[in-house]
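Everything quoted here is computed from the prediction, not taken from an experiment. The figures here come from the full heavy-atom set of this structure, side chains too, leaving out hydrogens, waters and symmetry mates.
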Amino acid sequence: DASRLDLQLSYITDLVLRLRDNGKGIDPLIAAKGKEGHFGLIGMYERASRVRGKLTISSSPAGGTVVELVVPAMIAFPQQTFGLHGALETIGSFFKRGR
């Protein structure tokens with residue numbers, strides 16, 4: 001039931017992608033382990049792990065839900081891809097399947 005979604009991308013040190021909504025929140029157990037028979041959240045946690053990142057999901061009925069992905073700079077910004085271009089490539093590879 002969210003009416004607003006904010007996206008924040010930071011690459012000053014580590015690559016940080018943060019999504020925040022103003023909805024009614026998500027059950028903490030579902031946020032941590034996903035919903036039985038569904039694999040969306042589990043897949044997100046697995047993909048974050050593959051790039052040595054950390055995915056956190058926090059939620060409250062009053063404050064909505066925050067999804068944050070942090071990828072260490074040494075992974076997100078290898079020497080051949082630095083800055084915004086490298087950050088966007090890293091985000092793109094996070095969402096590709098089979099990697």
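- Between the CZ atom of R47 and the CD1 atom of I42 there is a distance of 11.5 Å, given to the nearest 0.5 Å.
- Residues V16 and L9 form no side-chain contact, since every pair of their non-hydrogen atoms from C-beta on lies 4.5 Å or further apart.
- At most 12 heavy atoms of other shown residues, nucleotides or ligands fall within 6.0 angstrom of atom CG in D1.
- A donor-acceptor distance shorter than 3.5 angstrom exists from the side chain of D21 to the backbone of G23, with no hydrogens or angles considered.
- Closest non-hydrogen pair, G53 versus P72, comes out as CA-CD, 4.2 Å.
- Other residues, nucleotides and ligands contribute only 12 or fewer heavy atoms inside 6.0 Å of the CD1 atom of I12.
- Taking hydrophobic clusters as Ile, Leu, Val, Met, Phe, Trp and Tyr residues chained together by side-chain heavy-atom distances below 4.5 Å, V67 does not share a cluster with V70.
- Residues L55 and L41 fail the side-chain proximity criterion, which asks for heavy atoms closer than 4.5 Å.
- Y45 contributes atom OH, which lies 11.0 Å from atom CG of L69 (distance to the nearest 0.5 angstrom).
- No side-chain heavy atom of L19 sits under 4.5 Å from any side-chain heavy atom of V66.
- For the pairing with Q8, the side chain to side chain donor-acceptor pair (under 3.5 Å) check across E68, R20, R18 returns one residue only, R18.
- Between E46 atom CD and F39 atom CZ the span is 9.5 Å, to the nearest 0.5 Å.
- In terms of modelled atom types and a separation under 3.5 Å, the side chain of N22 and the main chain of R4 share a donor-acceptor contact.
- Between K35 and I30, the closest heavy-atom pair is N-CG2, 4.2 Å.
- With D14 contributing its side chain and A73 its backbone, the two residues share a donor-acceptor pair below 3.5 Å.
- Taking the side chain as every heavy atom from C-beta outward, K24 and T65 never approach each other to under 4.5 Å.
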